[in-house]
Amino acid sequence: MNQLQSLRGMLDLLPEQTRRWQAVESVTRDHFHRAGLQEIRTPLLELTELFARGIGEATDVVGKEMYTFVDRGGRSCTLRPEGTASVVRAALQNGLLSQGPQRLWYSGPMFRYERPQAGRQRQFHQVGVEFLGVSSPRSDAEVIALAWALLADLGVQGLVLEINSLGTVEDRKNYRGELVKWLEARSEKLDDDSRKRLYTNPLRILDSKNPATKALLEDSPTLLETLSEESKARFTELQGDLKALHIPFHLNPHLVRGLDYYCHTAFEITSDQLGAQATVCGGGRYDGLVEQLGGPSTPAIGWALGMERLILVLEAAASADSSGQAARLTAATRPDLYLVNRGERAERAALVIAHQLRAAGLVVELDGSGAAFAKQFKRADRSRAPWALVIGDDEIEKGEGRLKRLKGAAPEADQTSIDQLQPLDDLIGLVRLLRD
RNA sequence: GCGAGCGUCGCCAAGUGGUUAAGGCAGCGGCUUGUGGUGCCGCCAUACGGGGGUUCGAAUCCCCUCGCUCGCCCCA
C-alpha cells in the first residue's frame with residue numbers, strides 16, 4: 001500500500017479520544033487557576049544548546065533522543081524534548097524572575113526519538129508546573145500537593161507517590177563515590193547494563209529493573225544516609241508537610257531522576273495500570289538550572305505529567321467504575337435532539353429549525369443524508385439523543401413535527417409508542433419541552 | 001540502539017499449499033413493514049502491508065523490507 005501514513009510514534013487524536021483530552025484539559029486548567037498559577041506558552045523549537053546545557057549533555061535524552069536539525073540560517077535547532085528548560089529560558093529572557101517568584105504551568109507536545117511502546121510515543125504531551133524563585137520545603141510540598149489533588153480531581157485510582165531526596169551536588173558527589181566503591185566490589189553480580197553505567201551514571205543503577213541487581217541493591221548504602229544534616233532536615237520538613245496535607249507517600253531511596261538538573265526533592269507518581277512505563281507524573285527540585293542557563297542563582301521546583309499516560313489510567317478508572325468521576329469525564333456527549341428529515345421541503349425546513357434550536361442553546365444533530373427514515377432512525381438511536389424530531393413532507397403539510405422518544409432516553413423501555421405532535425412554528429415550546 | 005510477537009475490506013474477523021478469499025458491523029442502493037426505529041434483497045478485498053524466492057500451484061513455506069504491539073534501554 002502506498003497510502004501516506006503519520007510518522008512512527010506520532011499519533012492522531014480522533015474525535016472520541018480528543019473528547020477525553022479536552023475533559024482532562026479543562027479540569028487541569030480550572031485546577032491551576034484555583035491554585036493561582038499562570039499559564040506560559042513557549043515555542044516548540046529551541047536552540048539545541050538550551051537543552052544541551054539545561055538537561056545535560058551526558059543524558060540519554062540529549063545524547064540520542066532529540067529531534068535536531070540545522071535550519072536554513074545554519075542554526076542547530078531542536079524540537080523540545082521536555083518543558084522545563086524552555087520555561088526557564090523564557091522566564092530569563094523576559095525578565096520574569098526580577099518580578100518575584102513565578103508560579104507557572106504549561107502544556108503541549110514534546111518530542112523524543114524513542115522506540116514507541118505502551119504509554120510512550122515520539123510526540124507526547126506533558127502538562128507541567130514550575131515554581132521559580134521559591135526555596136522553602138513548603139513549596140516542594142505545595143507543588144506535590146498540586147499534582148496529587150489534580151489527579152484526585154480527575155478520579156484516577158490506585159496512584160502511589162514516591163519521594164526521595166537527592167541532596168545537594170556535594171551530597172551526591174559523596175554518595176556517588178561510596179556507591180561506586182560498593183558496587184565495584186560486587187561488579188560480578190551486576191547485569192551488563194548496570195556494569196556499563198557504573199562509570200557513566202552510577203545513580204541510575206539504583207532504579208534498575210533487573211531482578212538480580214534489584215536484590216543486590218537491597219543492602220547498598222543509600223543516598224539518604226549520606227545526606228548532610230541540612231539536606232536531611234529539609235527532607236524531614238517536607239515529609240511533615242505531606243503528612244499535614246494527608247497525602248500518603250512512600251520513601252524510595254532508589255528513586256533518581258534522569259535529568260541532570262534535579263537536586264533535593266525528587267518524586268514520582270506511578271500507576272499499576274500502565275505496564276512498563278508506570279510513571280504518570282515526575283518531578284523535583286532543580287535549584288541549579290536557572291544559573292546553568294545563564295541566570296541568577298534561583299531555587300526552583302516543578303513536575304511534568306504525561307498526558308498519554310494520564311489518559312490511559314483515566315480510561316482504566318472509568319471502566320473499573322462506570323459511575324465514578326473518571327467515567328463522567330470520559331463520557332460521550334449526546335445531542336439533545338436528533339432531527340430526522342426527508343423530502344425536499346422538509347429538508348429545508350429541518351435545516352432552518354436546526355439552526356434556530358441551536359441558537360436557542362440546544363445541541364441538535366441534523367441528519368443530512370436524505371436517506372430512508374429507517375436508516376435515519378438507526379443513526380438517531382446511535383447518537384444517543386433522547387429525542388428525535390421527525391419532519392417529512394406530511395409533517396410540513398400539517399405544520400407539525402413528530403416528536404419521538406429514542407432509545408437514548410431509556411434503553412430498557414419500549415419507546416416506540418411514545419410519540420407526539422409538535423407545532424413547527426412553536427419552537428420556544430419545543431425548547432422548553434426538551435429542557436426538562 | 002537491542003529483543004519478542006503480529007500484519008486478510010473503514011472496523012472486528014474466518015481461512016495454515018489447491019477451483020470465484022467466509023461472516024459480522026459500518027457504508028451505499030432498493031423493497032418491505034397498515035403503530036416510519038422491524039424484516040428482506042443487492043452492491044462493497046482479482047485481493048491477503050510491500051518486494052523477491054520456493055512450488056505445477058501460496059494469504060498460507062523461506063528471505064528482505066516497511067509498519068504495528070509489547071519488553072529492554074530511557075523517561076512523563
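Chain letters run A, B, ... following the sequence lines, proteins first, then strands; residues in each count from 1.
- Across the protein-nucleic acid pair, A/Arg342 atom CZ and B/G29 atom C1' stand 11 Å apart, rounded to whole Å.
- Mapping A/Asn201 and A/Arg8 onto RNA chain B via the closest heavy atom, the residue that lands nearer the 5' end is A/Arg8.
- Across the P atoms, B/C68 and B/G49 are found 16 Å apart, a figure rounded to whole Å.
- In this structure, A/Ile301 and A/Tyr286 approach most closely via the heavy-atom pair C-CE2, 3.6 Å.
- Listed nucleotides: B/A76, B/C73, B/U69. Nearest to the side chain of A/Arg112: B/A76.
- Taking the side chain of A/Lys209 as heavy atoms from C-beta on, and the options B/G67, B/C72, B/G37, the nearest nucleotide is B/C72.
- Judged by distance alone with a 3.5 Å cut-off, a donor-acceptor contact links the side chain of A/Arg120 to the base of B/C74.
- The side chain of A/Arg382 contributes no N or O atom lying less than 4.0 Å from OP1 or OP2 of B/G37.
- If you take NZ of A/Lys378 and P of B/G37, they are 11 Å apart, rounded to a whole angstrom.
- Distance from the side chain of A/Ala276 is smallest to B/G71 among B/C74, B/C75, B/G71.
- Checked against B/C74, B/U38, B/C72, the side chain of A/Val61 finds its nearest nucleotide in B/C74.
- Contacts of A/Gly392 with the nucleic acid, taken as non-hydrogen atoms under 4.0 Å apart, are absent.
- Judged by atom type and distance alone, A/Arg309 reaches the base of B/C75 through a side-chain donor-acceptor pair under 3.5 Å.
- Among the nucleotides B/G37, B/G29, B/G67, the one closest to any side-chain atom of A/Gln5 is B/G67.
- In the displayed structure, A/Tyr67 atom OH is contacted under 6.0 Å by more than 12 heavy atoms of other residues, nucleotides or ligands.
- Closest to the side chain of A/Lys404, out of B/G37, B/A76, B/G1, is B/G37.
- Rounded to the nearest 0.5 angstrom, A/Glu188 CD and A/Arg186 CZ are separated by 9.0 Å.
- Nucleotide B/U35 holds its C1' atom 13 Å from the CG atom of A/Leu421, rounded to whole Å.
- Comparing B/C73 with B/G1, their C1' atoms are spaced 8 Å from each other, to the whole Å.
- Comparing B/A45 with B/G53, their P atoms are spaced 28 Å from each other, to the whole Å.
- The CD atom of A/Gln277 sits 10 Å away from the C1' atom of B/C73 (whole-angstrom rounding).
- Across B/C70, B/A76, B/C2, the shortest atom-to-atom separation from the side chain of A/Glu114 is found for B/A76.
- Closest approach to the A/Phe377 side chain among B/A76, B/G37, B/C70 is made by B/G37 (side chain taken as heavy atoms from C-beta onward).
- With B/G71, B/A26, B/C74 as the candidates, the nucleotide lying closest to the side chain of A/Glu65 is B/C74.
- Across all strands, A/Val127 comes closer than 4.0 Å to no nucleic acid atom at all (heavy-atom distances).
- Using modelled atom types and a 3.5 Å distance limit, the side chains of A/Arg29 and A/Ser107 yield no donor-acceptor pair.
- Ranked by how close their nearest RNA chain B nucleotide is to the 5' end, A/Leu305 and A/Ala374 are led by A/Ala374.
- Classification of the A/Trp105-A/Phe32 ring pair by plane angle, with boundaries at 30° and 60°, yields tilted.
- At the phosphate of B/U69, neither OP1 nor OP2 sits under 4.0 Å from any side-chain N or O atom of A/Gln117.
- Closest non-hydrogen pair, A/Gln157 versus A/Gly155, comes out as NE2-O, 3.3 Å.
- Between A/Arg80 atom CZ and B/A76 atom P there is a gap of 14 Å when expressed in whole angstrom units.
- When the C1' atom is used for both B/U32 and B/C40, the distance is 7 Å, rounded to whole Å.
- When the P atom of B/C68 is taken as reference, atom CD of A/Gln121 falls 9 Å away, rounded to whole Å.
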